[in-house]
Amino acid sequence: MEAATSAGPIPVRSRTIALVGLMGVGKSTVGRRLAKRLGLPFADGDIEIESAAAMTVSDIFAELGESEFRAGEARVMKRLLEGPRMVLATGGGAILNPETRDLLRDRAVTVWMRADLETVAQRVQRRDTRPLLRGRDPLTALTAMAEVRYPVYATADLTVDVTGGAHAQAVEAIVEALEAHFAAHEPEVRA
Ligand code: S3P
């Protein structure tokens, strides 16, 4: 049986919109624009972790190790998901934590931003801020990651393919998917 989070499920239209998916798919950039489009506040999980720890993600991995990073990430996700409605760009590994996954299930509409792996591999090469890719061929590393993570990302409420399109297109595709989701789940509610 799935454990309920302390607060329990909340109505679909009151939920935070949480973007999930691999690093490099554009969760942060699209999330910021989506928040503006919907008139909601925006938070980026990685930035919140960095400000809570007063260290960069790279330094947390290097100095404290991945397990400390993951523990901090789970605390930050809990605080954000128990707070007011927002658009939340989650770090690519956040949804793998079972407690975070339960909170996302009960308190967020989750959107898996999916793009083909070649596209993602090209995008992540532009910056060297991702410890899990350091010193590795990006396509090989992302392919291995996808194998483990795609079954988890696939549990998201919505999947939006963002391969090839501009960020503005991704925003519109997500808005459309959200509207259909809200209408299907709470059809009688009028804004
Ligand atoms: C990670 C993704 C990163 C960051 C950290 C670990 C992951 O976030 O949290 O480097 O495990 O996929 P982005 O998905 O925002 O790049």
Side-chain angles (χ1 to χ4, degrees), residues 16-35 41-81 86-101 103-104 108-163 165 167 170-171 174:
T16 277
I17 293 156
L19 305 181
V20 306
L22 283 181
M23 52 180 73
V25 291
K27 299 180 299 273
S28 303
T29 312
V30 169
R32 192 166 279 112
R33 294 175 76 141
L34 179 67
F42 171 73
D44 182 304
D46 288 339
I47 292 175
E48 295 290 327
I49 295 163
E50 290 183 336
S51 65
M55 288 169 87
T56 64
V57 168
S58 297
D59 286 346
I60 301 172
F61 267 78
E63 290 172 30
L64 306 174
E66 179 169 355
S67 66
E68 277 303 309
F69 172 80
R70 295 299 175 196
E73 179 175 55
R75 284 193 297 273
V76 164
M77 286 294 112
K78 182 168 159 59
R79 169 170 60 78
L80 295 174
L81 288 164
M86 64 175 71
V87 173
L88 171 61
T90 69
I95 195 177
L96 301 181
N97 175 285
E99 199 195 341
T100 301
R101 199 150 66 229
L103 280 162
L104 286 166
V109 176
T110 44
V111 182
W112 176 18
M113 286 177 59
R114 187 182 169 146
D116 75 46
L117 291 173
E118 280 82 9
T119 305
V120 182
Q122 272 171 10
R123 294 192 42 169
V124 295
Q125 269 161 342
R126 293 188 211 143
R127 277 193 297 149
D128 183 30
T129 52
R130 294 179 167 107
L132 295 179
L133 297 181
R134 204 149 287 158
R136 308 182 64 190
D137 169 61
L139 185 56
T140 309
L142 288 164
T143 303
M145 229 177 248
E147 212 159 284
V148 175
R149 294 180 176 188
Y150 274 16
V152 182
Y153 295 155
T155 65
D157 295 306
L158 303 167
T159 299
V160 175
D161 193 301
V162 295
T163 308
H167 288 318
V171 170
I174 293 171

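Bear in mind that the values here come from a model prediction, so they are computed numbers and not experimental data. In this chain, numbering begins with 1 at the start of the sequence shown. For ligands, and for the atoms within them, numbers begin at 1 and follow the listed sequence.
The closest protein non-hydrogen atom to atom 10 (O) of ligand 1 is Pro131 CD, 3.6 Å. In terms of protein heavy atoms, atom 16 (O) of ligand 1 is closest to Arg130 NE, 2.9 Å. Regarding atom 1 (C) of ligand 1, its nearest protein heavy-atom neighbour is Met23 CE, 3.6 Å. Among protein heavy atoms, the minimum distance from atom 2 (C) of ligand 1 is reached at Gly92 N, 3.4 Å.
Contact annotation for Arg149 and ligand 1: only side-chain heavy atoms (C-beta onward) come within less than 4.0 Å of the ligand. Contact annotation: for Thr129 versus ligand 1, there are no heavy atoms closer than 4.0 Å. The part of Arg70 lying near ligand 1 is the side chain, judged by heavy-atom distances below 4.0 Å.
Not a single N or O atom of Thr90, backbone or side chain, sits closer than 3.5 Å to an N or O atom of ligand 1. Polar contact check, Asp46 against ligand 1: a nitrogen or oxygen pair lies under 3.5 Å apart.
Remark: side-chain polar atoms of Tyr153 are paired, donor with acceptor, to backbone N or O of Gly92 under 3.5 angstrom. In terms of modelled atom types and a separation under 3.5 Å, the side chain of Arg149 and the main chain of Gly21 share no donor-acceptor contact.
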I would like to know whether Trp112 and Val152 meet side-chain contact (heavy atoms from CB on, under 4.5 Å); could you show each step before the answer?
CA-CA 10 Å; Trp112 176 18; Val152 182; over 6 Å; no
Val57 vs Thr129, test: side-chain contact (heavy atoms from CB on, under 4.5 Å). Steps then yes/no.
CA-CA 8 Å; Val57 168; Thr129 52; over 6 Å; no
What do the steps show when you test Ile17 against Leu34 for side-chain contact (heavy atoms from CB on, under 4.5 Å), and what is the final call?
CA-CA 10 Å; Ile17 293 156; Leu34 179 67; 4.1 Å; yes
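Evaluated for a side chain to side chain contact (heavy atoms under 4.5 Å, CB included) with Thr110, the options Leu19, Leu104, Leu158 yield exactly one hit, Leu104.
Near Gly93, meaning under 4.0 Å from any of its heavy atoms, are these atoms of ligand 1: 7 (C), 11 (O), 12 (O). Annotation for ligand 1: atoms under 4.0 Å from non-hydrogen atoms of Lys27 are 13 (P), 14 (O). Of all atoms in ligand 1, numbered sequentially from 1 with element shown, those under 4.0 Å from a heavy atom of Leu132 are 7 (C), 11 (O).
Residues Val124 and Leu142 form a side-chain contact, since some pair of their non-hydrogen atoms from C-beta on lies under 4.5 Å apart.
Sorted by first and then second residue, the pairs that involve residues 20-30 and meet side-chain hydrogen bond (donor to acceptor under 3.5 Å, both in side chains), not counting sequence neighbours, are Ser28-Asp44.
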